[in-house]
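Single-structure report; data block below.
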Amino acid sequence: MIAKVIVDVPANQTDRLFDYAIPKEWEEMIEPGMRVVVPFGPRKIQGFVISVVSESEHAKLKEISEVKDVTPVLTRELLDLGFWLTEKTLCYAVSALQVMLPAAMKANVTKTVVLGNKVNHEAAWVRMIENSGLKWDEFLSHFSHKELNRAIKNDELEVRYDVKEKTAPKTILSISAALTKDELRNEKEKMGNRAMKQQDIISFFLDNDGAISYKELMDVLDTTRSTIKSLVSKAILKEEEVELYRDPYKGRSFKPSEAMELTDLQKNAISPILESLENRQHGTFLIHGVTGSGKTEIYLQSIHRVLEQGKEAIVLVPEISLTPQMVTRFKSRFGSEVAVLHSGLSRGEKYDEWRKIHRKEVKVVVGARSAVFAPFTNLGIIIIDEEHESSYKQEENPRYHARDVAIKRGEHYQCPVVLGSATPSLESYARASKGVYTLIELLERVNKQAMPEVSIVDMREELRSGNRSMFSNELYDKLKVRLEKKEQTVLFLNRRGYSTFVMCRDCGFVVECPHCDISLTYHKMNGTMRCHYCGHEERFPSQCPECESEHIRFFGTGTQRVEEELTKILPEARVVRMDVDTTRRKGSHEKLLNQFGEGKADILLGTQMIAKGLDFPNVTLVGVLAGDAMLHLPDFRASEKTFQLLTQVSGRAGRHILPGEVIVQSYTPEHYSIEMAADHDFQSFYKREMVTRKQFGYPPFYFLAMVNVSHEELTKTVDVTEKITSFLKSKLSNASVVLGPVASPIPRIKDRYRYQCMIKYKTEPNLNDHLKEIQKHYSKDISRGGLQLTIDTQPYMMM
DNA sequence: AGCACGCCGACT
DNA sequence: GTCGGCGTGCTC
């Protein structure tokens, strides 16, 4: 039998199936979806079995050298999904398969130098290598390449390739009886009055069935490891390696929760989803539900029905470590049926959660983007919460959008896909309006709470009236009132676009990164300036490098500065600051939130990460310090993002009994995305923004594709982009627009120039073929000439 | 990608 | 002659 294998070599020339003979002893057990180790040229690498056939065009086939799995890690459905992804995103097949598995399962090839058949006892390495071998790098640190090659030719040395997993399952030694109970009694009697401790242990196994760890047994019987060991050596007991799960939520109890009675509105909302479940028919549903409208309860009850049907559920959330409250809700409702997959887990923990799904020990998975590939085989529903979030788009190969994958899987399993958001993406809302998706509107809060009052403060006015601080008078007054009333405030600083750059006051010189076309960011912590793109770091200059003036200062607003100013103007306020610096450590995120939730602080100050999912009853004021910060980014979605962010943030206020208030500070208060967010008016925003999109030919009216070119030399970069642009222009219809070549918004990163070509189109059935042709045409320049080419068939990042 | 093979200039 | 540089082509 022959296995068709995709090898783990992400390159243009190896992106196809290779045939391997299956050794007789494995013929029965090798199945598509298993990982194997195969000889590939002179080395050994990992691969995925795609199919098993009986004939091959190739006369001489090498044999599979190792089988890595007992059961396939990828089902037929996932294999097919992988090839679909490859076609859709123009990535290598291995990349598409790899992305569906936890990173821990990616192969790690190690090379070891070992003695060959003819041992040269004179050689200096003989003693160093002995029988265990020497790591490749280590060998080369002592000897030259030349020596190694000569020794290999002379058969004195050889190179062994080991394909290992990055993380092995954690195991623990457990003890159980090796004999039947009668035999145990027999053994015990034979001991007579001697070895009383050992007899105790035997008694224990007479009374208890199953296995126990060394540690537990030692604790229970107050005995030692050696006593147990001696029973093992007598073959009365036996040791066994048992796989252990690292449980990231260990030791935490989740209060069981019961389903809540749905309001009439919620009942209406859930019924089309339940209908789809009963009919076992795929459909995509967009729940447009304002913040606090009870979307989560609808998710929970839909899943409940799915579980009753004996099926499984996937719930995607933008970044789950950011919303421990969400995990808690799912764990309390479904208990141990839930696996959690998010970026806060270690590689090993993710691997363990994945195995729980693979072994069907759980029925629900809650996780970030990649959880959409959870290896369930009887999917009943896929839910994507905060559907509009850009983190559902992966910005590296394969550049997929979780929404598309979810719908693809939903079609396969004939099950509903539910998208939920208070601020749906224009793409989804347009599809729902056209009837492609079923629109479910939920425009009232569960407890009939009014939406918070939002007031926009014109910061230009503040400046004119002499207030140069980052807090407007209105915000300051309201902050003071909250402190007096012992209510809490969330202060939101959108840092993007407002980073702290360093500028000379005399000549206007701005310090830029020498490797990237971007200004350096000042870091107060160690008095340095750092580049956010390449990590370049230099000391804060004492004088301007350009005009030697000493009036060189940093400008802009970081959370640190806000905190400083806050303590200056409101010294009595207790502030919790949340940003990348304070949440780097594992679990610190949750700790800070708990601190705030327990009322140990008055003000929660943070960046994007506090914008969503938080729900604290005592928060009655939300302040947005720079509401328009994102508006000026070079991105056609800037208005949409601003609207979404402001709506999300305002939703943090007054979610319970106390009414909430929101203050948005802005330098462009009249912009429609800010005004309409303040009015909680999604409909108007949608209509207004659609006009702009139509006018400029952007989604959802046009599809986009983006080709990014990067090279160390500017001329090469421009030249390639130019050729690609004209090639596409010649191939595509006149109704399509090919823009380029233009420099990227950041024209140089890490000493590489960056150019791009954007394609706007309505229908181009052969676009992917043309793009593939470009990929193929430049494959040599990519593998040797140092050219980088990224093709995104659904771009979300314009930078 | 990674590695071998082969062709060419430099040097013992 | 031989070493090592890099361009080329192959991997079932």
Side-chain angles (χ1 to χ4, degrees), chain A residues 1-24 26-27 30-68 79 83 86 90-99 103 106-114 116 135-137 139-140 143-164 166 396-398 710-712 716 775-790:
Chain A
M1 294 298 270
I2 286 131
K4 292 202 172 278
V5 175
I6 289 280
V7 292
D8 186 11
V9 183
N12 224 297
Q13 295 177 74
T14 51
D15 186 31
R16 57 197 171 86
L17 291 164
F18 286 87
D19 294 356
Y20 284 90
I22 302 175
K24 267 269 169 322
W26 294 332
E27 254 182 15
I30 286 195
E31 284 177 57
M34 284 181 176
R35 292 169 307 155
V36 288
V37 175
V38 291
F40 196 65
R43 60 211 169 113
K44 269 186 194 166
I45 50 168
Q46 200 179 82
F48 291 92
V49 177
I50 303 304
S51 57
V52 177
V53 295
S54 52
E55 270 173 62
S56 170
E57 293 171 13
H58 288 265
K60 265 193 195 146
L61 292 187
K62 291 186 182 174
E63 283 196 334
I64 288 175
S65 35
E66 215 178 302
V67 184
K68 302 227 74 170
L79 287 175
F83 287 105
T86 303
L90 305 175
C91 71
Y92 302 128
V94 238
S95 316
L97 299 177
Q98 213 83 257
V99 79
K106 215 184 149 184
N108 214 1
V109 181
T110 56
K111 289 189 286 184
T112 318
V113 180
V114 294
K135 285 202 185 97
W136 169 273
D137 294 350
F139 185 93
L140 286 180
F143 308 100
S144 72
H145 235 284
K146 204 170 86 187
E147 286 172 284
L148 177 63
N149 281 341
R150 188 179 296 152
I152 290 172
K153 273 215 177 78
N154 291 342
D155 235 0
E156 290 166 19
L157 291 179
E158 38 185 278
V159 178
R160 193 181 69 212
Y161 291 87
D162 292 306
V163 184
K164 283 214 181 77
K166 285 205 171 116
E396 58 189 68
N397 279 333
S710 134
H711 194 273
E712 280 184 14
K716 176 84 180 168
Q775 235 173 16
K776 211 174 118 196
H777 183 261
Y778 286 103
S779 64
K780 255 198 193 123
D781 286 280
I782 292 166
S783 62
R784 306 206 209 283
L787 180 76
Q788 261 174 38
L789 200 67
T790 47

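Per chain, numbering begins at 1; letters A, B, ... match sequence-line order. Quick caveat: nothing in here was measured; it's all calculated off a predicted structure.
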Would you give me the side-chain donor-acceptor pairs under 3.5 Å for residues 43-61 of chain A, sequence neighbours excluded?
{"residue": "A:Ser56", "atom": "OG", "partner": "A:Asp19", "partner atom": "OD2", "Å": "2.6"}
{"residue": "A:Ser56", "atom": "OG", "partner": "A:His58", "partner atom": "N", "Å": "3.1"}

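- Put simply, CD1 on A:Ile152 is 14 Å from C1' on B:dG2, counting in whole angstrom units.
- For DNA chain C, the span of nucleotides reached by chain A at under 4.0 Å from its heavy atoms goes, 5' to 3', from C:dG4 to C:dC12.
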Can you check nucleotides 3-5 of chain B for protein contacts, nitrogen or oxygen pairs under 3.5 Å, and list what you find?
{"residue": "B:dC3", "atom": "OP1", "partner": "A:Lys111", "partner atom": "NZ", "Å": "2.9"}

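- Residues A:Pro23 and A:Ile64 are in side-chain contact: their nearest non-hydrogen atoms beyond the backbone lie under 4.5 Å apart.
- Counting all heavy atoms, side chain and backbone alike, A:Ala107 lies closest to A:Asp8 at CB-OD2, 4.3 Å.
- Looking at residues two or more places apart in sequence or on another chain, you find no side-chain hydrogen bond (donor to acceptor under 3.5 Å, both in side chains) involving A:Gln775.
- The heavy-atom pair separating A:Val94 from A:Val7 by the smallest distance is CG1-O, 3.2 Å.
- As rounded to whole Å, 17 Å separates atom P of B:dG2 from atom CG of A:Leu148.
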task: Would you sort out whether A:Tyr92 and A:Thr14 count as a side-chain contact (heavy atoms from CB on, under 4.5 Å), showing the intermediate values?
output: CA-CA 9 Å; A:Tyr92 302 128; A:Thr14 51; over 6 Å; no
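- Remark: A:Ser783 OG to A:Tyr778 OH distance equals 14.0 Å, nearest 0.5 Å.
- If you take CZ on A:Phe143 and CG on A:Leu157, they are separated by 9.0 Å, rounding to the nearest 0.5 Å.
- To the nearest angstrom, C1' of B:dA1 lies 14 Å from CD of A:Gln98.
- With values rounded to the nearest 0.5 angstrom, A:Phe40 atom CZ is found 12.5 Å from A:Ser65 atom OG.
- Contacts between residues 16-23 of chain A and DNA chain C, counted as heavy-atom distances below 4.0 Å, involve A:Arg16, A:Phe18, A:Asp19, A:Tyr20.
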Expected rows: protein N/O vs nucleotides 8-12 of chain B N/O, under 3.5 Å:
none

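- Taking CD of A:Glu63 as the reference point, atom NZ of A:Lys24 lies at 9.5 Å (rounded to 0.5 Å).
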- prompt: Yes or no on side-chain contact (heavy atoms from CB on, under 4.5 Å) for A:Thr110 and A:Lys135, after CA distance, side-chain angles and deciding distance?
  reply: CA-CA 8 Å; A:Thr110 56; A:Lys135 285 202 185 97; over 6 Å; no
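- The environment of A:Glu712 atom CD is sparse: at most 12 non-hydrogen atoms of other residues, nucleotides or ligands sit within 6.0 angstrom.
- Contacts of A:Glu57 with the nucleic acid, taken as non-hydrogen atoms under 4.0 Å apart, are absent.
- To the nearest angstrom, P of B:dA1 lies 10 Å from CD of A:Gln788.
- Looking at heavy atoms from C-beta onward, A:Lys716 lies in side-chain contact with A:Asp781 at the 4.5 angstrom threshold.
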